[in-house]
Each structure stands twice: as structure tokens, then as C-alpha cells.
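Below: one structure, written as C-alpha cells.
Just so you know, these numbers come straight off a predicted model, no measurement behind them. We're numbering straight along the sequence, starting at 1.
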Amino acid sequence: MAISVAGGVRPGKILEIEQRLYQQLILGKQKASPTLLDDLDRELEADANKLDVEREAVLSRLLKQIKAREVFEAISKQLIDTVNNAIEHQLASPELVLAKSDINESQILLLELLLAKNLDATRLRPLISNLSWLCRDLTNMVNSPAFRARRPQSSDVRVTDIKLVMNYIGIENLRTIIPYFCLRNWLPSGNAKLLWTTRKLWRYSIVSGIAANALAQLHNTDSALVYSGALLNQLGTSVVLSLSARLFDKTWGNWIREASSSRDKEVYDAVIATEFPAKAVFEQVLSHGHVLNWQLLELLKFENSPLTLLLKELDQTLTYRELSPPAALVARANCYAKVLLLEEMRQIEPQEKRLMFDYYELTEQEVLRLKAQNYRKLDLL
């Protein structure tokens with residue numbers, strides 16, 4: 001007779017499947033579709049492809065020469081060790097991580113205000129106005145061809161006033177749109193080495209958010225907390241990746257300039273051929289990602305925020321059955337998102353999928369509702 005694993009302490013197999021998803025996000029070589037990042041800089045994609053080709057060409061040439069190979073391995077190891085030590089040093093201090101991140105009190109206060117039953121535009125507007133990137137994103141959305149088609153013909157002119165932008169969007173729609181733009185702002189950006197990782201992590205986050213929203217509606221639960229919690233569950237991972245990418249770029253750039261100045265082609269080639277230390281960063285994500293989700297919010301004095309408490313509960317609760325109803329909805333949404341992405345990557349077996357659904361107690365009705373969602377596009381309005 002089969003023994004159910006539903007809801008108890010997570011078996012090792014469940015942990016292995018969940019870690020496999022992050023392995024594919026960070027270490028997987030497949031390139032993600034740009035569908036959901038429709039405004040991502042196209043030049044960055046070209047740079048990423050060019051950098052991959054250049055690195056592979058240099059590495060192939062180096063590996064054919066024994067002496068050059070020895071120089072490459074020594075220089076590359078020294079570079080990677082320097083980067084990894086810097087990453088470990090910064091991640092050892094949540095305060096330092098916060099200082100180096102793009103997260104601030106205004107953003108978290110804005111997300112918390114969006115959880116209120118009755119939204120107050122007069123409180124939201126100044127916070128939005130103080131976040132230039134958010135004003136830009138909201139304004140661009142309202143002035144996009146797709147959105148303009150929904151506006152009255154008499155208002156076809158470009159809208160720039162944030163009050164008017166908010167009116168066009170609608171106060172309730174901000175609950176969906178602002179967390180979406182916040183997470184996108186926290187993801188690594190402008191870094192060719194993490195382009196594919198960023199796209200895959202973004203897709204995972206959006207699938208989790210859509211699934212969480214669908215489950216909340218199915219159970220007649222207020223979806224604001226569940227939806228935002230599902231998106232912010234990747235906050236710590238985004239911060240670790242962003243911090244690691246910046247440290248790698250800084251060190252890598254310094255070494256390239258020094259090698260170029262000294263005209264040492266062997267060192268220059270070795271640095272060019274050195275890849276971002278994805279495996280070491282993957283380990284850091286496993287160690288710090290979910291802890292930072294709530295630690296960063298606590299450092300910003302939001303220790304009693306429903307979002308902080310939800311993220312802390314998801315990190316610290318040992319068994320699924322001990323989770324509160326909102327946290328359990330987020331956990332089920334995350335489970336479905338992991339299974340869906342692993343299926344797309346052909347990295348999960350049917351019996352592993354059943355094991356995941358069994359542990360997180362996804363009902364047949366929930367699975368049917370989740371299967372009916374469109375995960376290729378987030379319906380912002």
C-alpha cells in the first residue's frame with residue numbers, strides 16, 4: 001500500500017525536485033523566451049550572445065594549448081575565488097545586502113498599502129511619484145498601443161501626469177500591477193551574463209503569481225496578500241543574483257583593464273574565458289534566498305507587516321500542514337509553478353509530479369483551475 005507524504009515534513013525527494021528547479025533556473029543552459037520581458041533591452045540579448053560566442057572561442061583555443069590551459073585555469077580560479085569571497089562577505093551581513101540592494105522603505109510601504117481592503121489613492125500617489133522607475137513603467141503602460149486601444153478616442157494624447165495615469169489604470173488594478181513592476185525592478189538587469197537566468201526566474205515568478213491569484217479566487221480569499229507573497233517569494237533570490245552579478249562585473253572588469261594595460265594577452269584571454277560562477281551563486285541562493293525574503297523587510301522596520309510574516313512563515317515552517325491558509329495557498333502556487341516549468345524543461349517524471357501534488361495537497365479541482373490559466377501572459381487589467 002502506498003504511503004502518503006501529504007503535508008508532513010518535506011521528504012528528501014521533494015527537496016531534491018524543488019532544488020532541481022533552481023538548478024535549471026540558474027545553472028541550466030537553455031535560453032528563455034523573451035515573451036514576458038517584452039521591453040527588455042534587445043541590445044543586451046545581442047551582447048549576451050556575442051559574449052557567449054567570444055568566450056567559447058577563446059576557451060576552445062586555450063584548451064588546445066597545454067601551457068595556455070594551465071595559465072587559464074590558474075587565472076580563472078584566482079578570479080572566481082576573489083569574486084566568491086566578496087559575495088560570501090556581503091551575504092554574511094543582511095544589513096550590507098540591504099545597503100547594496102535596490103530595496104527601500106517606500107517600496108515596501110507601497111506594497112503594504114496595497115493590501116488594504118479600501119485603497120487610498122491620496123496615500124499611494126506620493127509614494128509612486130517618488131519612485132521614478134515605477135512612474136516610468138506605469139506611464140509607459142498607459143501610453144502603450146495595447147492600452148491606448150482601451151482608452152476613449154478623445155484621450156489619444158500621451159499621458160504623463162501620474163494622477164491621470166492612476167485614474168486610467170484604476171485603483172484596484174494597482175494591486176496586480178505594482179507588485180509585478182516591483183519584482184521586475186529587483187531582478188538583475190543590464191547584465192548579459194545573467195540574461196537567461198533573469199528571464200527564467202521572471203517566468204517562474206509570474207507563473208507563481210498567476211497560480212496564487214487563481215487559487216485565491218477559487219477559495220474566495222482576498223488575493224492581494226497571496227499574489228504579492230508569491231511574487232515576493234523570489235525577492236531574496238533576485239537580490240543574491242543582482243549582488244553577485246555586480247561583484248563579478250566589477251572584479252572581471254578591473255582584471256580585464258589591468259590585463260589590457262599590461263598587454264598580457266595570456267591573462268586577458270584567461271579573464272575573457274572565465275564564466276560567471278553560477279554554481280557557487282546557486283549554493284548561495286539555496287542558503288540565503290528565502291531567509292533574505294523576510295530579513296530585508298524586517299531591517300526596513302516592517303517586521304509586523306502581513307507580507308513579512310507570510311514570507312517568514314514560508315521560510316521557517318517545517319511542514320506544509322502547519323502553514324496558515326494564505327501561506328498554504330502560496331506554497332501550492334509555488335508547487336504548481338515548479339512542476340509546470342520542470343515539465344517544460346523535461347526535467348520531471350510523472351511520479352515526481354504526483355509526489356509534489358500529493359505533498360502540497362493540491363486537489364483535483366485546484367489542478368483543473370490552475371491548468372486553465374494562461375501562464376504566457378499576465379493579465380494586468
Side-chain angles (χ1 to χ4, degrees), residues 4 6-8 36 108-121 123-124 150 166 169-183 203-235 293-294 297 302 304-317 319-341 353-354 356-381:
S4 174
L36 285 171
I108 307 305
L109 178 57
L110 181 57
L111 292 174
E112 187 174 60
L113 290 176
L114 290 172
L115 302 180
K117 187 173 182 179
N118 297 310
L119 296 181
D120 184 351
R123 294 193 67 191
L124 295 175
R150 305 164 63 116
M166 290 173 64
I169 293 172
I171 190 73
E172 284 297 322
N173 289 325
L174 294 175
R175 295 188 198 271
T176 302
I177 295 168
I178 289 178
Y180 169 93
F181 281 138
C182 280
L183 179 63
R203 171 151 168 73
Y204 171 53
S205 302
I206 293 303
V207 172
S208 296
I210 293 171
N213 200 41
L215 288 175
Q217 291 177 3
L218 177 64
H219 293 285
N220 296 315
T221 300
D222 183 8
S223 63
L225 176 61
V226 174
Y227 167 75
S228 293
L231 290 184
L232 263 67
N233 204 37
Q234 303 311 315
L235 171 63
N293 284 342
W294 55 269
L297 271 58
F302 286 90
N304 295 317
S305 166
L307 276 172
T308 307
L309 297 174
L310 176 65
L311 295 170
K312 191 171 186 177
E313 183 182 358
L314 286 167
D315 175 49
Q316 295 190 336
T317 305
T319 68
Y320 167 76
R321 281 185 177 162
E322 293 178 313
L323 293 173
S324 64
L329 283 176
V330 174
R332 295 207 293 283
N334 286 340
C335 165
Y336 189 83
K338 288 169 184 172
V339 168
L340 179 65
L341 266 66
K353 174 180 176 178
R354 288 194 295 270
M356 288 284 285
F357 286 179
D358 183 22
Y359 177 76
Y360 287 102
E361 301 180 356
L362 275 132
T363 67
E364 184 178 352
Q365 183 187 24
E366 288 175 333
V367 172
L368 287 173
R369 176 65 67 92
L370 292 173
K371 281 184 177 179
Q373 304 304 307
N374 178 10
Y375 295 105
R376 287 294 172 185
K377 184 179 181 182
L378 178 62
D379 187 10
L380 292 176
L381 297 177

Where do [X] and [Y] come nearest, in terms of heavy atoms and distance?
X: Ala121; Y: Met166; answer: O-CE, 4.1 Å
X: Pro179; Y: Thr176; answer: CD-O, 3.7 Å
X: Ala333; Y: Ser208; answer: CB-O, 3.6 Å
X: Lys117; Y: Arg175; answer: O-NH2, 3.0 Å
X: Leu235; Y: Asn293; answer: N-OD1, 3.5 Å
X: Leu370; Y: Ala214; answer: CD2-CB, 4.1 Å

Test [X] against every option in [options] by the side-chain contact (heavy atoms from CB on, under 4.5 Å) rule and name the one that passes.
X: Leu307; options: Ile108, Leu114, Leu232; value: Leu232
X: Phe181; options: Leu183, Ile178, Ile177; value: Ile177
X: Leu225; options: Leu329, Val330, Leu115; value: Leu115

Applying side chain to side chain contact (heavy atoms under 4.5 Å, CB included), run through Asp120 and Leu113 and close with a yes or a no.
CA-CA 8 Å; Asp120 184 351; Leu113 290 176; over 6 Å; no
Under the side chain to side chain contact (heavy atoms under 4.5 Å, CB included) rule, what do Tyr204 and Asn334 come out as? Steps first, then yes or no, please.
CA-CA 9 Å; Tyr204 171 53; Asn334 286 340; 3.9 Å; yes
What distance do Leu215 atom CG and Gln365 atom CD have between them, rounded to the nearest 0.5 Å?
10.0 Å
From Leu218 CG over to Arg369 CZ, what is the distance, rounded to the nearest 0.5 angstrom?
4.5 Å
Please step through side chain to side chain contact (heavy atoms under 4.5 Å, CB included) for the pair Glu313 and Trp294, ending with a clear verdict.
CA-CA 9 Å; Glu313 183 182 358; Trp294 55 269; over 6 Å; no
Could you tell me how the ring of Tyr375 sits relative to the ring of Tyr336: parallel (under 30°), tilted (30 to 60°) or perpendicular (over 60°)?
tilted
Please step through side chain to side chain contact (heavy atoms under 4.5 Å, CB included) for the pair Val207 and Ile210, ending with a clear verdict.
CA-CA 5 Å; Val207 172; Ile210 293 171; 5.9 Å; no
Taking it one step at a time, do Glu112 and Ser305 satisfy side-chain hydrogen bond (donor to acceptor under 3.5 Å, both in side chains)?
CA-CA 7 Å; Glu112 187 174 60; Ser305 166; 3.1 Å; yes
